[in-house]
Amino acid sequence: MPAAPRAARDFPSSGLDPASFGFPRDLRLLEPAEFRFVFEQPERSQDAYLTVLARVNAKGYARLGLAISKKSVRKAARRNLLKRLARESFRLCRRDLGRLDFVVMARPAARDADRSLISKSLERHWKILVQRCDSRWCNSSSSID
RNA sequence: GGAGUCGGCCAGGCAGUCGCUGUUCGCGUUUGGCGCGAACGGAGGAAAGUCCGGGCUCCGCAGGGCAAGGCGCCAGGUAAUUCCUGGGAGGCGCGAGCCUACGGAAAGUGCCACAGAAAAGAUACCGCCCGGGGGGCCUUCGGUCCCCAAGGUAAGGGUGAAAUGGUGCGGUAAGAGCGCACCGCGCUUCCGGCAACGGAAGUGGCAGGGCAAACCCCGCCCGGAGCAAGACCAAAUAGGGGAGCAUCGGGUUUUCCCGAACGUGCGGCCCGCACGGCUCCCGGGUAGGUCGCUCGAGGCGCGCGGCGACGCGCGCCCCAGAUGAAUGACUGUCCACGACAGAACCCGGCUUAUCGGCCGACUCAUAUU
RNA sequence: GCGGCGGUAGUUCAAUGGUAGAACAUCAGCCUUCCAAGCUGAUUACGCGGGUUCGAUUCCCGCUCGCCGCU
């Protein structure tokens, strides 16, 4: 298999193609304003390791923001690992995440947790938040109609 | 092989798929930029703590001194150091080796609790001793015991962390460096060494405790801040400066000048006070962006000098530059089954964390040959 | 990333290198018919490891934990 099996032949000019597995800069939350947008009206999903917030955006694709604080995870190497795991999981699941903005935050238990536990936790949070936001959006739109 | 000392090195490897980031090249493009493709590069020995020393940048500054802070055996290395190397001294260890803030206590001040007579100009508590006075007893030239005041004495007791050189012999009323021998200490001379210091000889007769990580004295070093330094580009909004235009009337050829009116706020109203529209330009400057940003006291190899730290010469190499911050996930495979841990301007040190393994030099004990 | 400050009872703070103290809190007793107040007594601490010193909460060094400033 010499070439990558890319499904997006008619969409060659971007990693924004939801079916690809790339993770360019446009898919991240960078500005303080973008974070504020999510923090204002978030859907929240939380367990012992992570808190994940989500909100429907106007972009048409999912984006990820990371807020791994020094206070919750002391060691720099550990913080980098958590961020990598979050990016990786987001990258692989992105085709199912609609057009939500996510913010991932660490909780104290993430300091010592095994990396496979973190990955599972992330996938669970994606699923829960997508479901909640879908139902919310449908309800509000139907009431408008 | 066992126990141990010192020095150096490695920090999972390989293959595949999907991703992130920098440089170069090619192609496309709305040509600053963005996208796609390819090649190559992409965390550490501590990147950490920020404890020292520099480079670099800005600010301050004629020069010098004081203060504050730091350092402290000697010599050398270095851009520089509180670091490193070599040496000396003291201490620990059977040894290989290891450790040491290691100047000055007769420059001055201060402190040394409790205990003890006394904690620093020995002002003698218990003792010991000569002579004197009083008294008792006896075998009455005298001896012995008790008491008294004065004196001599640092050998002994006891206290303490520490008590005014140690041990021995002589000496003495008892004692004492009072004298002698050895050891320690000080001074002088000579010898070795760049020096710290060491050795030898002579001499003094003890010079007077400890603490300077107590104040201090002596010698040396030292301006302040830090890449969030600093430089540049610069939207929107508010505000500063300037120019022009704009409502009505009059003067006037025009430029322009004079007067009036209007809106908002304070107010019940009047007077009064304050603010006032549009366009363009200027400078300061926020968000944001660019530079600083990686070729350097650089690495590797060889040769030479030096005990060594290191230096010199030649050749070769380019080896992270991110900016919410890049190395991961999954699969297969091998093994010692993978610790501590993530660059943020850059170097040189120190300190701390650390799974396991390899190499070299050396010491000790035992056994065998 | 850079710079600075601190750690003492359960809490808030003291203390020349020589037995760590005060207030509040807790517990027990007295007082009161009972409670509160008051009185008496008790319990509980120098962040950790080295060094200097006869002796360290204090002086020095290294860790650790917490706080603040620069954006």
Side-chain angles (χ1 to χ4, degrees), chain A residues 1-138 140 144:
Chain A
M1 201 181 284
R6 305 198 54 106
R9 282 173 302 278
D10 47 72
F11 215 151
S13 69
S14 77
L16 299 182
D17 168 16
S20 83
F21 293 105
F23 187 52
R25 195 156 286 280
D26 294 316
L27 296 183
R28 306 185 191 182
L29 301 184
L30 300 176
E31 310 263 335
E34 297 172 322
F35 277 84
R36 227 175 297 122
F37 173 77
V38 176
F39 278 107
E40 269 167 13
Q41 283 191 319
E43 282 297 318
R44 171 187 282 263
S45 175
Q46 174 171 306
D47 61 15
Y49 312 112
L50 302 166
T51 298
V52 182
L53 308 180
R55 189 179 178 186
V56 177
N57 66 23
K59 292 280 186 183
Y61 48 83
R63 295 191 300 176
L64 175 66
L66 293 167
I68 313 294
S69 71
K70 207 171 192 173
K71 196 167 183 178
S72 57
V73 182
R74 242 171 183 322
K75 312 270 184 184
R78 188 75 190 169
R79 281 201 300 279
N80 281 350
L81 176 62
L82 289 174
K83 288 192 257 186
R84 281 189 209 117
L85 290 172
R87 286 194 208 101
E88 186 68 15
S89 178
F90 175 82
R91 190 172 68 78
L92 296 173
C93 299
R94 189 162 63 86
R95 67 174 76 198
D96 304 320
L97 297 183
R99 47 202 197 90
L100 299 176
D101 281 351
F102 293 93
V103 173
V104 175
M105 295 185 289
R107 310 200 68 221
R111 203 170 5 219
D112 307 308
D114 194 81
R115 56 181 65 186
S116 64
L117 286 174
I118 301 287
S119 302
K120 282 177 193 150
S121 168
L122 280 162
E123 286 168 28
R124 205 164 53 241
H125 286 309
W126 303 145
K127 207 177 287 179
I128 290 171
L129 288 168
V130 166
Q131 268 178 7
R132 283 199 203 155
C133 289
D134 275 356
S135 60
R136 196 187 204 189
W137 187 78
C138 289
S140 61
I144 287 170

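Chain identifiers are assigned alphabetically (A, B, ...) following the order of the sequence lines, protein sequences preceding nucleic acid strands; residue numbering begins at 1 within each chain. Excluded from the calculations below are hydrogen atoms, water molecules and symmetry mates; all remaining heavy atoms, backbone and side chain alike, are included. Just so it is clear, the structure is predicted and the values come from calculations on it, not from any experiment.
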Asks: Mind telling me if B/rG177 is syn or anti? Syn here is a glycosidic angle within 90° of 0.
Replies: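 For B/rG177, whose glycosidic angle is within 90° of 0, the conformation is syn.
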Asks: Tell me, with the steps shown, if A/L129 and A/V52 meet side-chain contact (heavy atoms from CB on, under 4.5 Å).
Replies: CA-CA 8 Å; A/L129 288 168; A/V52 182; 3.4 Å; yes
Asks: Are the side chains of A/L122 and A/L50 in contact, using a 4.5 Å heavy-atom criterion?
Replies: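 Side-chain contact under 4.5 Å: yes.
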Asks: Does a side-chain N or O from A/R74 land closer than 4.0 Å to OP1 or OP2 of C/rG66, or not?
Replies: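 Checking A/R74 against C/rG66: at least one side-chain N or O falls below 4.0 Å of OP1 or OP2.
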Asks: Rounded to whole Å, please give me the gap between CZ in A/R87 and C1' in B/rG324.
Replies: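 After rounding, the reported distance stands at 8 Å.
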Asks: Given the P atoms of B/rC25 and B/rG321, what is the spacing between them in whole Å?
Replies: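 Result for the P pair: 16 Å, nearest Å.
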Asks: Applying a 3.5 Å limit to both distances, which nucleotide forms a Watson-Crick or G-U wobble pair with B/rU253?
Replies: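 Looking at the geometry, B/rU253 pairs with no nucleotide.
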Asks: Please answer whether the main-chain N or O of A/F37 pairs with a side-chain N or O of A/R55 as donor and acceptor at a distance below 3.5 Å.
Replies: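 Between the backbone of A/F37 and the side chain of A/R55 there is a qualifying donor-acceptor contact (under 3.5 Å).
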Asks: Could you measure between the two C1' atoms, the one in B/rC221 and the one in B/rC362, and give it in whole Å?
Replies: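 My reading of the C1' atoms in B/rC221 and B/rC362 gives 41 Å.
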Asks: Could you run through RNA chain C and flag its stems, i.e. three or more consecutive Watson-Crick or G-U pairs with both distances under 3.5 Å?
Replies: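 For RNA chain C the paired stretches long enough to count as stems (3 pairs minimum) are C:1-7 with C:64-70, C:10-13 with C:21-24, C:26-30 with C:38-42, C:47-51 with C:59-63.
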Asks: What is the glycosidic conformation of B/rC319: syn, defined as within 90° of 0, or anti?
Replies: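 Base orientation relative to the sugar is syn.
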Asks: Round to the nearest Å and state the distance from A/R79 atom CZ to B/rU327 atom P.
Replies: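 To the nearest whole Å, that distance equals 15 Å.
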Asks: Checking only heavy atoms, does the side chain of A/R84 share a donor-acceptor pair with the base of B/rG342 at less than 3.5 Å?
Replies: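 Donor-acceptor pair under 3.5 Å: yes.
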Asks: For a 4.5 angstrom cut-off between non-hydrogen side-chain atoms, does A/S89 reach A/E123?
Replies: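 They are in side-chain contact.
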Asks: When the distance from NZ of A/K70 to C1' of C/rG66 is rounded to whole Å, what number comes out?
Replies: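 Value for this atom pair: 15 Å.
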Asks: Using the P atom as the point on both nucleotides, what is the distance between B/rG131 and B/rC145, in whole Å?
Replies: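 13 Å, rounded to whole Å.
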Asks: Strictly by Watson-Crick or wobble contacts shorter than 3.5 Å, is anything paired with B/rU286, and which nucleotide is it?
Replies: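 B/rU286 is unpaired by these criteria.
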Asks: To the nearest Å, give me how far apart NZ (A/K120) and C1' (B/rC330) are.
Replies: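 So the two atoms are 14 Å apart, to the nearest Å.
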Asks: Going by purine N1 to pyrimidine N3 plus the second Watson-Crick contact, or the G-U wobble pair, all under 3.5 Å, which nucleotide sits opposite B/rG93?
Replies: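 Answer to the pairing question: none, since B/rG93 forms no Watson-Crick or G-U pair.
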Asks: Per the atom types in the model, does the base of B/rG19 pair as donor or acceptor with the side chain of A/E88 at under 3.5 Å?
Replies: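 There is none.
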Asks: Within the structure shown, what part of the strands sits under 4.0 Å from A/R78 by heavy-atom distance: base, sugar-phosphate, or nothing?
Replies: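 No contact.
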Asks: Hey, which of these two, A/A67 or A/S119, hits RNA chain B nearer its 5' end, going by closest nucleotide?
Replies: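 Nearest nucleotide further toward 5': that of A/A67.
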Asks: I need the CZ-C1' distance between A/F23 and B/rU327, as an integer number of Å.
Replies: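 Taking atom C1' of B/rU327 as the reference, CZ of A/F23 is at 16 Å.
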Asks: Between A/R63 (side chain) and A/L29 (backbone), is there a donor-acceptor pair under 3.5 Å?
Replies: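 No, A/R63 side chain to A/L29 backbone: no donor-acceptor pair under 3.5 Å.
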Asks: Quick one: A/L81 CG to B/rA43 P, roughly how many Å, whole number?
Replies: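 Atom CG in A/L81 sits about 17 Å away from atom P in B/rA43.
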Asks: Should B/rG4 form a Watson-Crick or G-U wobble pair with both distances under 3.5 Å, which nucleotide is its partner?
Replies: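 When the pairing criteria are applied, B/rC362 turns out to be the nucleotide that pairs with B/rG4.
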Asks: When you compare B/rG160 with B/rC112, how far apart are their C1' atoms, in angstrom units rounded to a whole number?
Replies: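 One C1' to the other, the span is 12 Å.
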Asks: Does B/rC169 have a Watson-Crick or wobble partner in any strand here, with both distances under 3.5 angstrom, and which is it?
Replies: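 Here B/rC169 is engaged in a pair, and the nucleotide opposite it is B/rG179.
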Asks: Across all strands, who's sitting opposite B/rG158 as a Watson-Crick or G-U wobble pair, both distances under 3.5 Å?
Replies: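 B/rG158 is paired with nothing.
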Asks: Which distance, rounded to the nearest 0.5 Å, do you find between the CD of A/E88 and the CG of A/L92?
Replies: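 CG of A/L92 is found 4.5 Å from CD of A/E88.
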Asks: Taking atom C1' in both B/rG249 and B/rA261, compute the distance separating them and give it to the nearest angstrom.
Replies: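 Rounded to whole Å, the distance is 10 Å.
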Asks: Can you check B/rA43 for me, syn or anti if syn means within 90° of 0?
Replies: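 Because its glycosidic torsion lies within 90° of 0, B/rA43 adopts the syn conformation.
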Asks: Just jot down the ring-ring contact (aromatic ring centres under 6.0 Å, His included) partners of A/F90, sequence neighbours excluded, or say none.
Replies: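 Scan of A/F90 (ring-ring contact (aromatic ring centres under 6.0 Å, His included), adjacent residues dropped) gives A/F23.
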Asks: Quantified in whole Å, what is the C1' atom distance between nucleotide B/rA228 and nucleotide C/rU71?
Replies: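 After rounding to an integer number of Å, I get 6 Å for this pair.
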Asks: Mark yes or no for a side-chain to base donor-acceptor pair under 3.5 Å between A/R91 and B/rC18, with no hydrogen or angle criteria applied.
Replies: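 Answer is yes: a donor-acceptor pair is held.
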Asks: Polar pairs (N or O, both sides) under 3.5 Å between protein and nucleotides 337-341 of chain B?
Replies:
{"residue": "B/rA341", "atom": "OP1", "partner": "A/K75", "partner atom": "NZ", "Å": "3.0"}

Asks: Test your reading of the model: is there a side-chain donor-acceptor pair from A/R78 to the backbone of A/A110, 3.5 Å cut-off?
Replies: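 Looks like yes, one N/O pair under 3.5 Å.
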Asks: Taking the side chain from A/R79 and the backbone from A/S69, do they hold a donor-acceptor pair closer than 3.5 Å?
Replies: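 No, A/R79 side chain to A/S69 backbone: no donor-acceptor pair under 3.5 Å.
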Asks: To the nearest angstrom, how far is A/F90 atom CZ from B/rG324 atom C1'?
Replies: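 Value for this atom pair: 15 Å.
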Asks: In the structure I gave you, are the side-chain heavy atoms of A/R107 and A/T51 within less than 4.5 Å of one another anywhere?
Replies: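 Contact flag for A/R107/A/T51 side chains = yes.
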Asks: Can you find a heavy atom in the side chain of A/L97 that is under 4.5 Å from one in the side chain of A/V130?
Replies: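 The answer is yes, as the side chains (C-beta and beyond) meet within the 4.5 Å cut-off.
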Asks: Would you kindly give the CG-to-P distance between A/L92 and B/rG19, to the nearest whole Å?
Replies: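 For the pair A/L92 CG and B/rG19 P, the rounded distance is 10 Å.
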Asks: Taking syn as any angle within 90 degrees of 0 and anti as the rest, which one fits B/rG349?
Replies: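 Base orientation relative to the sugar is anti.
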Asks: Would you say A/N80 reaches B/rA326's phosphate, i.e. side-chain N/O to OP1/OP2 under 4.0 Å?
Replies: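 Yes, A/N80 has a side-chain N/O under 4.0 Å of OP1/OP2 on B/rA326.
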Asks: Could you measure between the two P atoms, the one in C/rU64 and the one in B/rC335, and give it in whole Å?
Replies: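 Nearest-Å result for C/rU64 against B/rC335 at atom P: 40 Å.
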Asks: So which nucleotide does B/rG292 pair with, by the Watson-Crick or G-U wobble rule with both distances under 3.5 Å?
Replies: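 Base-paired to nothing in any strand shown.
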Asks: Reckon A/R28 touches a base, only the sugar-phosphate, or nothing at all at heavy-atom distances under 4.0 Å?
Replies: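 The answer is sugar-phosphate, as A/R28 gets under 4.0 Å only of primed atoms, P, OP1 or OP2.
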Asks: State, with a plain yes or no, whether a side-chain heavy atom of A/H125 is found less than 4.5 Å away from one of A/D47.
Replies: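 The answer is yes, as the side chains (C-beta and beyond) meet within the 4.5 Å cut-off.
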Asks: If pairing requires Watson-Crick or G-U wobble contacts with both distances under 3.5 Å, which nucleotide is the partner of B/rG76?
Replies: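 WC or wobble partner is B/rC84.
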Asks: Between B/rC257 and B/rG244, how many Å separate the two P atoms, rounded to a whole number?
Replies: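 Those two atoms are separated by 9 Å.
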Asks: Do A/R99 side-chain atoms and A/N57 backbone N/O form a donor-acceptor pair below 3.5 Å?
Replies: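 Confirmed, A/R99 side chain pairs with A/N57 backbone.
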